[in-house]
Amino acid sequence: MTVARPDEVRRFNRSTLLRLLHTGGPATRAALAAELGLNRSTIKMLVDGLAEDGVVEEKVPRAARGAGRPSLLVLPQPEAAVVLAVDVQVEHVGIALVGFGGQILGRNSWNLRGRQREPDEVITHVAESSAVLAEDLGLRPVAVGVCVPGVVRRVDGLVHNAGNLRWGEVALGQRLRAVLDLPVRVGNDAEFGALAEHVRGAGRTAADAVFVSADVGVGGGLIAKDASLRGSAGYLGEIGHMTVKPGGRMCYCGNEGCWETEVGEAALCRALGMPEHGPRGAIVAELRALQEDWETRLGDYLDWLTLGLVNVVNILGPELVVLGDLFTALPEPGIARVREQVHRRSMVSRAFGGVRIEKSRLGPDLKLLGAAEAAFEGVLGML
């Protein structure tokens with residue numbers, strides 16, 4: 001039988017403590033000891049070492065009251081480890097420097113039009129903009145996470161296909177590593193959205209969850225047993241391309257009747273009586289203005305949304321489905337109707353008492369946070 005050496009145990013305990021502080025935020029030594037199942041002397045040794053290395057700081061809580069000496073809070077220091085997060089979308093790119101603990105320390109973004117959407121232009125702009133941002137903030141990132149709306153090979157960041165960007169076989173991970181001279185993790189945007197929800201959003205308490213996002217297209221990210229489910233070579237979660245309407249509208253993927261042709265951005269515009277390629281802000285404003293007539297205008301659209309979610313729940317059996325991007329602007333009564341119908345029509349949902357269906361609350365930073373978490377996966381064990 002192999003016995004772990006003391007230094008290996010210390011590294012494991014330190015890494016576990018760092019992960020807890022990164023995802024859970026400030027905590028007392030007593031709370032950390034209870035959460036990790038370690039004695040107080042071990043926690044003291046670990047926290048003292050992290051404080052000496054500048055990774056954490058201990059402070060008296062501002063709201064400390066009552067008699068006796070208040071417990072010190074162990075606070076992660078954001079600048080102890082900083083990563084670059086990149087969110088490539090169809091219409092724009094956002095970047096952010098994110099610190100240990102998940103705090104966004106600075107950001108920049110720009111629109112994609114014409115040639116700016118070409119891979120060479122995106123890579124160049126990411127490199128230049130991130131260098132300026134890092135210099136302005138006096139920070140140096142140690143790793144990079146990039147999310148893309150497409151089919152991505154996780155091992156090396158090859159974008160096999162990103163149809164709405166018109167990208168194919170783009171060695172994005174390899175090229176960014178060469179330009180930035182940093183470790184780079186590239187993934188599908190919905191996969192990283194699911195990761196963000198699991199670490200910092202509605203999915204924090206769910207071991208099995210599905211994130212479904214509606215942008216120009218529709219994507220899905222999966223969490224199974226508290227970990228991202230990635231499938232063969234990282235190709236997984238293209239739920240927007242399951243056929244729901246044989247003989248339906250032609251999809252860019254070459255299939256017809258894909259789910260995203262019925263619930264993606266263009267379908268939502270048709271339901272609202274708006275031009276299919278109008279500005280995103282106008283779509284959101286129109287949705288938020290809906291009052292009593294939401295069922296008349298969105299009834300068929302919500303039926304297609306329900307149909308796809310019934311399939312997703314029956315096949316994957318999650319305890320939680322989180323709706324992101326444009327879905328978050330749908331009226332609450334409409335989401336309540338979808339939730340009720342999914343429970344009524346899904347055998348799996350009925351079997352375990354009802355799958356939860358919730359809107360994301362992480363807002364526009366969701367995929368940046370997901371990209372940052374992907375980058376941090378290879379960083380926390382090295383602090």
Side-chain angles (χ1 to χ4, degrees), residues 190 193-194 197 201-203 206 208-223 236-251 253 255-274 276 283-284 286-361:
E197 288 293 342
D208 297 278
V210 177
F211 173 74
V212 184
S213 67
D215 200 311
V216 174
V218 173
L222 313 178
I223 299 294
L236 186 75
E238 292 297 331
I239 59 177
H241 297 287
M242 61 179 170
T243 302
V244 297
K245 189 178 182 180
R249 290 176 178 270
M250 197 70 189
C251 181
C253 73
N255 194 12
E256 40 180 57
C258 288
W259 191 33
E260 75 173 43
T261 67
E262 300 298 333
V263 296
E265 183 184 90
L268 187 52
C269 288
R270 293 194 300 271
L272 294 170
M274 301 177 66
E276 289 191 9
I283 302 171
V284 173
E286 187 72 14
L287 285 170
R288 290 178 176 166
L290 290 177
Q291 300 297 329
E292 290 78 11
D293 61 341
W294 66 267
E295 193 162 13
T296 300
R297 299 181 67 185
L298 292 177
D300 289 346
Y301 178 88
L302 294 174
D303 287 343
W304 287 113
L305 177 57
T306 299
L307 173 63
L309 290 179
V310 168
N311 290 337
V312 168
V313 171
N314 278 342
I315 294 169
L316 299 173
E319 59 185 286
L320 171 69
V321 174
V322 181
L323 303 176
D325 294 320
L326 279 172
F327 289 143
T328 64
L330 292 172
E332 288 297 337
I335 296 298
R337 191 185 91 168
V338 169
R339 187 182 294 118
E340 184 277 327
Q341 289 191 1
V342 169
H343 176 57
R344 179 172 56 83
R345 295 168 55 183
S346 165
M347 285 180 59
V348 171
S349 182
R350 293 196 307 271
F352 66 79
V355 64
R356 291 158 47 208
I357 299 178
E358 300 181 14
K359 292 181 181 180
S360 171
R361 296 185 294 273

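By convention here, the first residue in the shown sequence is residue 1.
- At least one side-chain heavy atom of L298 sits less than 4.5 Å from a side-chain heavy atom of P331.
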request  = Might you work through the side-chain contact (heavy atoms from CB on, under 4.5 Å) test for R297 and L290, ending with a clear yes or no?
outcome  = CA-CA 9 Å; R297 299 181 67 185; L290 290 177; 3.3 Å; yes

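- Contact annotation: the side chain of V342 approaches that of V355 to within less than 4.5 Å [non-hydrogen atoms, C-beta and beyond].
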query = Going through the checks in order, is the side-chain contact (heavy atoms from CB on, under 4.5 Å) test met by W304 and K245?
reply = CA-CA 9 Å; W304 287 113; K245 189 178 182 180; 3.7 Å; yes

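- In this structure, Y301 and R270 have side chains that are not in contact, with every pair of non-hydrogen atoms separated by 4.5 Å or more.
- We find that E340 and R345 are not joined by a salt bridge, their nearest charged nitrogen and carboxylate oxygen being 4.0 Å or further apart.
- Across Q291 and R288, no two heavy atoms sit closer than the pair NE2-O, 4.3 Å.
- Counting non-hydrogen atoms of neighbouring residues, nucleotides and ligands closer than 6.0 angstrom, the CZ atom of R350 exceeds 12 such neighbours.
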key: Worked check of side-chain contact (heavy atoms from CB on, under 4.5 Å) between L305 and F327   = CA-CA 10 Å; L305 177 57; F327 289 143; 3.8 Å; yes

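- Residues V348 and L316 have side chains not in contact (no heavy-atom distance under 4.5 Å, counting atoms from C-beta outward).
- Side chains of L320 and I357 form no contact here, defined as non-hydrogen atoms less than 4.5 Å apart.
- Within 6.0 Å of atom CZ in R344, more than 12 heavy atoms from other residues, nucleotides or ligands are found, so the atom counts as buried in its surroundings.
- Within the 4.5 Å cutoff, the side chain of C258 has no heavy atoms near those of the M242 side chain.
- Shown here are the side-chain hydrogen bond (donor to acceptor under 3.5 Å, both in side chains) partners of R339, two or more places apart in sequence or in another chain: there are none.
- Residues satisfying the ring pair (Phe, Tyr, Trp, His ring centres under 6.0 Å) test with H241, not counting sequence neighbours, are Y252.
- Scored by the side-chain hydrogen bond (donor to acceptor under 3.5 Å, both in side chains) test, E292 finds no partners at all (sequence neighbours excluded).
- E256 pairs by the side-chain hydrogen bond (donor to acceptor under 3.5 Å, both in side chains) definition with nothing, not counting sequence neighbours.
- Side chains of K359 and V322 form no contact here, defined as non-hydrogen atoms less than 4.5 Å apart.
- In this structure S346 satisfies the side-chain hydrogen bond (donor to acceptor under 3.5 Å, both in side chains) test together with N314, sequence neighbours excluded.
- For the pair M274/I283, a side-chain contact is recorded, criterion being any heavy-atom separation below 4.5 Å from C-beta on.
- Every pair passing salt bridge (charged side-chain N to carboxylate O under 4.0 Å, His left out) that includes a residue from residues 301-313 is listed here, sequence neighbours excluded: D303-R337.
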